[in-house]
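Before any comments, here is the structure.
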Amino acid sequence: MAMSGFDVFRLTVIGLSVAVLILGAVLLGLIYSGRTAWLEDLFGPGELAEIEFATLERQSPSNSYLACPEGLCTASQVDQTVPVYPLSVDALQQRLIDWVDGKPDVTLRRLEPETRQYHFVARTPRMRFPDLVTIQLLERGADRSTLAIYSRSVYGKSDLGKNEARVKTWLAVLAPETA
């Protein structure tokens, strides 16, 4: 018995639907298992160029968070002011390196030694989406330092507060009171 045109169409739609479901399940399995290197090859983690905090224009306040010392980030809305710490810039740098070294979801992708600017890719816990975090350590005299930190999402229009939470955590850990 010959199949009608409608039956062929229906079977094609069902077959394609099943294929899409299987592909989606495989992709989710790979993402949850942490096997996402191929995604970075395909889509990349985003732009990792050096940032000039004084002239920085944020891509979107809804999926980024910016914390700067007073008077530094004059071209953008600052979400949080970073104090000057009674800590040398070398000591602050060591605190940053020690803390990030123990974070499996944070990878140093670029370092600008002359400006003490660090570029990290931080992965969200469940879906492993890449977020970009740039930190610049700033000397403010003998045994005094501060920093600027800009965390932003690569994908999406809203981060559901992830970048804010990340910056606040990093600032809390780096503050000398937690030494």
Side-chain angles (χ1 to χ4, degrees), residues 34 36-37 40 43-156 158-179:
T36 57
E40 274 192 38
F43 301 111
E47 181 61 40
L48 293 169
E50 186 170 2
I51 290 177
E52 182 60 50
F53 280 95
T55 59
L56 172 66
E57 293 183 20
R58 291 168 67 175
Q59 61 187 17
S60 170
S62 66
N63 68 354
S64 65
Y65 195 83
L66 177 63
C68 290
E70 193 171 322
L72 177 64
C73 301
T74 56
S76 283
Q77 173 189 347
V78 175
D79 296 305
Q80 183 175 345
T81 301
V82 180
V84 175
Y85 302 125
L87 197 65
S88 73
V89 72
D90 291 330
L92 185 60
Q93 178 175 301
Q94 192 59 53
R95 288 177 67 79
L96 173 65
I97 291 167
D98 289 346
W99 187 71
V100 168
D101 192 39
K103 303 295 292 173
D105 292 339
V106 178
T107 307
L108 176 65
R109 294 297 297 262
R110 183 174 174 180
L111 169 63
E112 303 292 335
E114 304 81 33
T115 59
R116 292 185 191 247
Q117 193 169 102
Y118 295 81
H119 302 269
F120 299 98
V121 174
R123 298 245 171 227
T124 57
R126 289 187 191 94
M127 292 301 289
R128 312 280 305 148
F129 291 125
D131 291 339
L132 305 180
V133 182
T134 301
I135 297 179
Q136 185 167 9
L137 306 178
L138 304 159
E139 192 168 9
R140 291 294 186 244
D143 295 327
R144 292 170 49 87
S145 62
T146 189
L147 62 94
I149 181 169
Y150 180 42
S151 181
R152 62 246 182 240
S153 300
V154 175
Y155 305 114
S158 174
D159 66 358
L160 304 173
K162 281 297 200 185
N163 287 300
E164 177 180 1
R166 177 181 299 114
V167 169
K168 288 184 176 193
T169 298
W170 287 40
L171 288 174
V173 167
L174 295 174
E177 298 84 44
T178 62

If every non-hydrogen atom of E50 is compared with every non-hydrogen atom of R110, which pair is closest and at what distance? N-NH1, 3.6 Å
Distance-only, no hydrogens or angles: does the D79 side chain make a donor-acceptor pair with backbone N or O of L66 under 3.5 Å? yes
For A148 and L138 the tightest heavy-atom approach is N-CD1, 4.4 Å
Going by atom type alone, with no hydrogens or angles, which donor-acceptor pairs under 3.5 Å involve a side-chain atom of residues 68-78 and a protein atom two or more places apart or on another chain?
| residue | atom | partner | partner atom | Å |
| --- | --- | --- | --- | --- |
| T74 | OG1 | A54 | O | 3.3 |
| S76 | OG | L56 | O | 2.4 |
| S76 | OG | R58 | N | 3.2 |

Counting N and O atoms only, with roles assigned by atom type, does the side chain of S151 sit under 3.5 Å from a partner on the main chain of V133, one being a donor and the other an acceptor? no
First locate atom CD1 of I149, then atom CG of L174, and finally report the distance between them rounded to the nearest 0.5 Å. 7.0 Å
Heavy-atom pair of closest approach, residues T169 and W99: CG2-CZ2, 4.3 Å
Specify the closest pair of heavy atoms between P104 and G102, including all atoms of both residues, with the distance to one decimal. CD-O, 3.3 Å
Please determine, by modelled atom types, if T134 and Q117 share a side-chain donor-acceptor pair under 3.5 angstrom. no
With R116 as partner, the option from Q136, Q93, E139 fulfilling side chain to side chain donor-acceptor pair (under 3.5 Å) is Q93
N/O donor-acceptor pair under 3.5 Å between D159 side chain and S153 backbone: no
Please find the pair of heavy atoms, one from V167 and one from A67, that lie closest to each other, and give the distance. CG1-CB, 3.9 Å
dist L137:CG -> Q94:CD (nearest 0.5 Å) comes out at 11.0 Å
From OH (Y85) to CZ (R140), nearest 0.5 Å: 12.5 Å
Rounded to the nearest 0.5 Å, how far does CZ of R109 lie from CG of L111? 13.5 Å
Pairwise distance OH(Y150) to NE2(H119) - rounded to 0.5 angstrom: 12.5 Å
Taking D131 as the fixed residue, which of K162, R166, R152 is the one that meets the salt bridge (charged side-chain N to carboxylate O under 4.0 Å, His left out) rule? R166
Is there a side-chain contact between F120 and L132 (heavy atoms, below 4.5 Å)? no
Would you mind reporting whether V100 and Y118 have side-chain heavy atoms less than 4.5 Å apart? no
